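See below for the structure under consideration.
Keep in mind that what you see is a predicted model, and the values were worked out from it rather than measured. When reading the values below, keep in mind they use all heavy atoms of this one structure, side chains included, and skip hydrogens, waters and symmetry mates.
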Amino acid sequence: MKESILWLFQIVTGILIFVLLGLHISAQHLGTFGSFPDLSSFAYKTLLFVALYHGLFGLRSVLLEINLGRGAEKAISWLLFLGGLVFFIYYGIMA
């Protein structure tokens with residue numbers, strides 16, 4: 001059940017990346033959000049979060065296909081989660 005919910009999130013984030021990337025391109029290159037800088041920042045941070053989840057969950061799925069054992073699967077999951085969290089905090093909040 002848990003894996004099927006995670007895969008549903010994977011599909012939803014793929015769709016969100018498509019939409020948010022369009023917003024990002026229009027904001028950065030066409031100046032669409034000129035009078036709404038908060039909306040541009042929100043769209044950027046949301047795109048960063050969604051892309052990180054999508055990419056890291058995909059990487060986790062590939063790595064878990066190797067069948068290294070339950071302990072290694074948990075370690076991989078936690079390492080990717082913590083790495084993504086650090087990346088999001090640094091680039092989404094600090095930068």
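Linking Ile, Leu, Val, Met, Phe, Trp and Tyr residues whenever their side-chain heavy atoms come within less than 4.5 Å leaves L52 and V19 in two separate clusters. Following chains of ILVMFWY side-chain contacts shorter than 4.5 Å, one can reach I66 starting from L56, so the two form part of one hydrophobic cluster.
The distance from the CD1 atom of I25 to the CG atom of L47 is 9.5 Å, given to the nearest 0.5 Å. Once rounded to the nearest 0.5 Å, the distance linking CD1 of I11 with CD1 of I15 reads 7.5 Å.
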Report all side-chain donor-acceptor pairs from residues 73-87 shorter than 3.5 Å, counting only partners two or more places apart or in another chain.
from: S77; atom 1: OG; to: R60; atom 2: NE; distance (Å): 2.8
from: S77; atom 1: OG; to: E73; atom 2: O; distance (Å): 3.0

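Counting side-chain heavy-atom gaps under 4.5 Å among Ile, Leu, Val, Met, Phe, Trp and Tyr, F18 is found in no cluster with other residues.
For residues 44-66, the pairs satisfying ring pair (Phe, Tyr, Trp, His ring centres under 6.0 Å) are W7-F57, F49-F88, Y53-F57, with sequence neighbours left out.
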